[in-house]
Amino acid sequence: MSAPANPGGAAREPLRPVLYDVREDAVRLLDQRALPGAERWLALRSSAEVADAIRALAVRGAPAIGVAAAFGLAADARRGAGAAELSRRAELLARARPTAVNLAWAVRRVSRRFGEGGDAVLAEAQAIRDEDEAACRRMGALGAPLLPRGARVLTHCNAGALATAGYGTALGVIRAAVEAGNPVTVLADETRPFFQGARLTAWELQRDGIPVTVLTDGMAGWLMARGEIDAVVVGADRIARNGDVANKIGTYALAVLAAHHRLPFLVAAPWSTVDRETPDGGAIPIEERSGDEVTVIGGQRVAPPGVPARYPAFDVTPAALVTAIVTERGLARAPFGAALAAMAERGPA
């Protein structure tokens with residue numbers, strides 16, 4: 001099914017890309033590799049199948065892969081896997097993508113229920129899903145007032161409903177601003193080499209009737225210099241204790257450009273993305289993916305055979321370049337170490 005535009009802004013069914021089908025004991029995933037050309041749903045019946053889908057980027061985005069992993073382990077548990085076997089599968093699943101801390105966090109959380117049976121594991125996984133969507137909506141409400149009226153907002157990669165249980169982190173802030181009557185418009189970096197911005201962010205925003213224009217990754221600096229960008233909003237895959245932020249490769253460069261042009265650089269992420277065990281960005285593991293994902297696009301080789309390519313999938317933005325971190329627990333500003341520590345002590349809002 002193609003992805004229709006929604007130019008009138010009429011209400012649409014909320015996009016929830018990761019669900020659990022209790023009748024079939026299957027994880028239902030909207031296959032992000034097929035977008036925007038088709039809406040194709042996968043039915044995955046084990047944590048091993050979910051791990052393969054995570055590695056293949058059928059599901060991506062730190063919160064979304066955490067939810068998918070939790071559901072995958074629930075499927076195993078409801079098919080009779082015992083606690084010892086579930087623990088072994090959980091370890092394998094947690095390593096599917098090392099940078100996104102939500103994956104290991106969700107696996108650890110459902111692991112505490114392994115001895116209680118499949119229904120208990122599924123209930124915990126469903127709670128993770130429900131809490132993530134609620135957190136995104138809370139982040140949107142907290143972050144929307146940070147956007148000037150009529151702001152032209154740049155975003156990178158996809159930090160929308162597709163990357164979460166629903167609503168989105170960075171795009172949740174944008175959605176909430178629009179719902180509050182602020183006529184913001186969005187500039188979406190295409191986000192090479194997987195094109196999450198061009199394929200996914202643009203599809204989501206068009207679906208919801210929010211004006212969006214796609215840019216190549218190298219255009220942002222020039223548009224900032226021309227005064228055509230008012231703010232940058234991104235998501236995160238891991239936030240270190242000191243406020244350093246790991247996000248899709250290219251984010252660091254945008255933060256440097258935003259600082260030079262004195263533009264707000266906002267990070268929106270659920271509290272589960274804050275990793276209190278990681279002191280700073282230097283301790284965050286950065287996933288290196290195959291160079292073929294750079295040199296081959298849509299089945300077509302775009303570089304000469306034999307020429308190698310690098311693909312670090314993420315980079316780290318130092319806390320000094322971040323204006324504010326938006327979580328469901330509140331807004332954190334510099335000094336981020338102290339602000340995040342206070343949020344940790346305060347607990348859920």
Side-chain angles (χ1 to χ4, degrees), residues 1-6 12-76 92-93 96-97 99-100 102-103 106-107 125-126 128-129 132-133 136 157-169 171 188 190-208 212 214 235 237 248 287 289-290 292-294 296-300 311 313:
M1 184 172 70
S2 63
N6 185 26
R12 296 283 309 257
E13 179 68 21
L15 180 59
R16 297 186 175 100
V18 186
L19 302 168
Y20 195 86
D21 186 333
V22 177
R23 291 174 301 176
E24 297 188 18
D25 275 322
V27 186
R28 298 283 185 183
L29 295 181
L30 179 57
D31 187 347
Q32 298 187 25
R33 299 166 300 182
L35 294 171
E39 293 183 35
R40 182 173 69 206
W41 287 83
L42 305 177
L44 310 178
R45 291 174 170 80
S46 70
S47 62
E49 291 183 0
V50 170
D52 287 342
I54 290 171
R55 283 189 288 266
L57 303 180
V59 57
R60 43 140 302 281
I65 65 176
V67 172
F71 280 150
L73 290 167
D76 289 346
L92 295 173
L93 185 56
R97 297 203 73 187
T99 302
N102 305 66
L103 175 57
V107 167
Q126 189 63 53
I128 291 172
R129 198 227 71 83
D132 183 72
E133 182 172 348
C136 287
C157 194
N158 172 261
L162 288 169
T164 65
Y167 203 71
T169 55
L171 293 195
E190 60 184 350
T191 322
R192 295 178 181 178
F194 196 60
F195 297 96
Q196 295 98 321
R199 295 188 308 104
L200 306 179
T201 294
W203 179 82
E204 274 197 47
L205 294 176
Q206 184 188 60
R207 179 183 186 275
D208 285 356
V212 58
V214 173
D237 288 82
K248 180 54 57 182
E287 176 187 0
R289 296 184 64 83
S290 169
D292 288 346
E293 296 186 35
V294 175
V296 178
I297 298 176
Q300 177 68 44
Y311 182 12

| message | Looking at Thr191 and Gln196, would you say the former's side chain and the latter's main chain have a donor-acceptor pair under 3.5 Å? | response | no
| Okay, side chain of Asp132, backbone of Ala165: is any donor-acceptor separation there less than 3.5 Å? | yes
| query | Of the non-hydrogen atoms in Ala69 and Val107, which two are nearest, and what is the gap between them? | reply | CB-CG2, 4.0 Å
| query | Which heavy-atom pair separates Val214 from Ala198 by the least distance, and what is that distance? | reply | CG1-CB, 4.0 Å
| Is NZ or CZ of Arg28 both nearer than 6.0 Å to the six-membered ring centre of Phe71 and within 45° of the ring axis? | no
| message | Looking at every non-hydrogen atom in both residues, tell me the closest pair between Asp237 and Lys248 and how far apart they are. | response | OD1-N, 4.2 Å
| field | Minimum heavy-atom distance between Cys136 and Gly168, given as atom pair plus value | value | CB-O, 3.2 Å
| request: Would you check if the side chain of Arg199 reaches a backbone N or O of Phe194 as a donor-acceptor pair within less than 3.5 Å? | output: yes
| Test item: Leu42 and Arg33 side chains (from C-beta on) under 4.5 Å apart, heavy atoms | yes
| field | Donor-acceptor contact below 3.5 Å, side chain Gln206 vs main chain Ala202 | value | no
| request: Dump the intermediate steps for side chain to side chain contact (heavy atoms under 4.5 Å, CB included) on Leu57 and Arg97, then the final yes or no. | output: CA-CA 10 Å; Leu57 303 180; Arg97 297 203 73 187; 3.0 Å; yes
| field | Any donor-acceptor N/O pair, Ser46 side chain to Ala75 backbone, under 3.5 Å | value | no
| query | Quick one: CH2 on Trp41 to CG on Leu29, what's the gap to the nearest 0.5 Å? | reply | 8.0 Å
| message | Any donor-acceptor pair under 3.5 Å linking the side-chain atoms of Arg60 with those of Asn158? | response | yes
| Straight-line distance of Asp25 CG to Leu44 CG, nearest 0.5 Å | 13.0 Å
| request: Could you check if a side-chain atom of Leu35 sits within less than 4.5 angstrom of a side-chain atom of Leu30, using non-hydrogen atoms only? | output: yes
| said: Go through it in stages, so that I can follow the logic: the residues are Leu15 and Asp208, the test is side chain to side chain contact (heavy atoms under 4.5 Å, CB included), and I'd like the CA-CA distance, side-chain angles, deciding distance and then a yes or no. | reply: CA-CA 10 Å; Leu15 180 59; Asp208 285 356; over 6 Å; no
| request: To the nearest 0.5 Å, tell me how far Thr164 OG1 sits from Ile65 CD1. | output: 12.5 Å
| Inter-residue atom distance Leu93.CG - Leu73.CG, 0.5 Å rounding | 5.5 Å
| said: On a heavy-atom basis, which atom in Glu287 and which in Thr99 lie closest, and how many Å separate them? | reply: N-OG1, 3.1 Å
| Residues two or more places apart in sequence or in another chain: which of them pass salt bridge (Lys or Arg N to Asp or Glu O under 4.0 Å) with Asp76? | Arg89
| note | For Ala163 and Pro63, the nearest pair of non-hydrogen atoms, with its separation, is O-CD, 3.3 Å
| message | Determine whether Tyr20 and Val27 satisfy the following criterion, side chain to side chain contact (heavy atoms under 4.5 Å, CB included), listing intermediate values before the conclusion. | response | CA-CA 5 Å; Tyr20 195 86; Val27 186; 4.3 Å; yes
| task | I would like to know whether Ile297 and Gln300 meet side chain to side chain contact (heavy atoms under 4.5 Å, CB included); could you show each step before the answer? | result | CA-CA 5 Å; Ile297 298 176; Gln300 177 68 44; 5.9 Å; no
| task | Report yes or no: does Glu204 contribute a side-chain atom to a donor-acceptor pair with the main-chain N or O of Leu162 at less than 3.5 Å? | result | yes
| task | Supply the atom-to-atom distance Glu39 CD to Asp31 CG, rounded to the nearest 0.5 angstrom. | result | 11.5 Å
